[in-house]
Student: 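Below is one structure. I have some questions about it.
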Amino acid sequence: MYLELYIRVGTAPICAYGHAGCHIPSLADLFDRVIQQSSRMHGISSDMHSEYEQYLFPSKNLTGKWKCHTYDIVTPDGKENAQMLGHEQLTKVILRLLEAWWDPLSQLHQSMSQDQNQDLNHYSSNKALEMSDMVQELRAGVVKMAEKMKSLGVLSNSVGSIHPETLVPSSAFSFYKRGEFNLMDPNDLLYCFRRDSNKVKNYLRILQCTTLSELNC
């Protein structure tokens, strides 16, 4: 799996307390890891959406019929606007997007695994579960990166320690409580995740460039 490959990147095991033989990751290391994982996650989401769309609508391009459940999460448009947010706000946007997607992908996995269209949904169900796991792992990686940034004085102590319900707008939670998930086409949900995973990937790269001055990017 992608996650197993991701964990094995590097020449030495990573430990929290710096035992002998362990590598304590620098902030640059942590940025590299979350950016690699976000790129893989976006690649899987793009492939899955394209394959799902081609299977169901081989001669059409039907997307965006529904408003994405993350519509209330204010996200900057373009590199300059993202840079204007600053480190703290951009980190919070990334965490909000990731927090908003774990449950939808988990529900999508369950929905597809129960669907009778076995040719498509056995494959798609496994991919949805893989993406759900990757969202959790990526969020954990971003929180660890934020903790490192706090220790270096780049972020305040409020980032990374916020309860999930305060990170994600109430509209994202009520979307599922009202049962709207069951009415949303999986193709549209995958379209929304592809869009949001691309945002996460790009925001992490911008955050890396604005934080690590030695990169000159």
Student: Look up atom CG in L138 and atom CG in D133, then write down how far apart they are to the nearest 0.5 Å.
Tutor: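 Going from CG on L138 over to CG on D133, the span is 12.5 Å.
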Student: Among residues at least two apart in sequence or on other chains, which ones pass side chain to side chain contact (heavy atoms under 4.5 Å, CB included) with D29?
Tutor: H23, P25, S26, R33
Student: Considering only heavy atoms from C-beta outward, does the side chain of V142 approach that of L204 to under 4.5 Å?
Tutor: yes
Student: Is the side chain of N198 donor-acceptor paired with the backbone N or O of R194 at a distance under 3.5 Å, no angle test?
Tutor: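 No; judged by distance alone, with no hydrogens or angles, the pair does not exist.
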Student: Any Lys/Arg nitrogen of R96 or E99 sitting under 4.0 Å from an Asp/Glu carboxylate oxygen of the other?
Tutor: no
Student: Side chain to side chain donor-acceptor pair (under 3.5 Å) with K199: which residues, sequence neighbours excluded?
Tutor: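 Once residues adjacent in sequence are excluded, the partners of K199 under the side chain to side chain donor-acceptor pair (under 3.5 Å) criterion are T75.
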Student: I'd like to check the side chain to side chain contact (heavy atoms under 4.5 Å, CB included) partners of Q208; sequence neighbours left out, ordered by chain and number.
Tutor: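 Partners of Q208 under the side chain to side chain contact (heavy atoms under 4.5 Å, CB included) test: F31, D32, I35, L212, L215.
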Student: Kindly determine whether T70 and R195 satisfy side-chain hydrogen bond (donor to acceptor under 3.5 Å, both in side chains), including the steps that lead there.
Tutor: CA-CA 11 Å; T70 54; R195 184 201 68 174; 3.1 Å; yes
Student: If you define the side chain from C-beta out and look only at heavy atoms, does anything of S156 sit under 4.5 Å from E88?
Tutor: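 Yes; the side chains approach each other to less than 4.5 Å.
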Student: Excluding sequence neighbours, so at least two apart, what forms side chain to side chain donor-acceptor pair (under 3.5 Å) with S197?
Tutor: H42, S45
Student: For the atom pair CE (M131) and NZ (K127), what is the distance rounded to the nearest 0.5 Å?
Tutor: 9.0 Å
Student: Membership question, hydrophobic clusters at under 4.5 Å side-chain separation (ILVMFWY): are I94 and L152 in the same one?
Tutor: yes
Student: Does a side-chain heavy-atom distance below 4.5 Å link N81 with L85?
Tutor: no
Student: E147 vs K144, test: salt bridge (Lys or Arg N to Asp or Glu O under 4.0 Å). Steps then yes/no.
Tutor: CA-CA 5 Å; E147 291 293 333; K144 186 171 183 178; over 6 Å; no
Student: Distance check, rounded to the nearest 0.5 Å: M48 atom CE versus N126 atom CG?
Tutor: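 Reported to 0.5 Å precision, the distance equals 9.0 Å.
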Student: If you measure from CG on D196 to CG on L98, what distance do you get to the nearest 0.5 Å?
Tutor: 9.5 Å
Student: Looking only at heavy atoms, which two atoms of H69 and A100 are closest? And how far apart?
Tutor: NE2-O, 2.8 Å
Student: Would you say M145 and L207 make side-chain contact, with heavy atoms under 4.5 Å?
Tutor: yes
Student: Going by the rule ring-ring contact (aromatic ring centres under 6.0 Å, His included), which residues pair with F193 if we only count those two or more places apart in sequence or in a different chain?
Tutor: W101
Student: Would you call K92 and I73 a side-chain contact if the rule is heavy atoms closer than 4.5 Å?
Tutor: no
Student: Under a 4.5 Å cut-off applied to non-hydrogen side-chain atoms, are L108 and L190 in contact?
Tutor: yes
Student: First locate atom NZ of K201, then atom CD of Q36, and finally report the distance between them rounded to the nearest 0.5 Å.
Tutor: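 Taking NZ in K201 and CD in Q36, the distance rounds to 13.5 Å.
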Student: Does the side chain of D103 pick up a donor-acceptor pair with the side chain of Q107 at under 3.5 Å?
Tutor: yes
Student: Kindly give the heavy-atom pair with the smallest separation between H87 and T210, and that separation in Å.
Tutor: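 Scanning both residues completely, I find the closest heavy atoms to be NE2-O, 3.1 Å.
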Student: Rounded to the nearest 0.5 Å, how far does OG1 of T91 lie from CE of M149?
Tutor: 4.5 Å
Student: Do you know which two heavy atoms are closest between P76 and L90, and how far apart they sit?
Tutor: CG-CD1, 4.3 Å
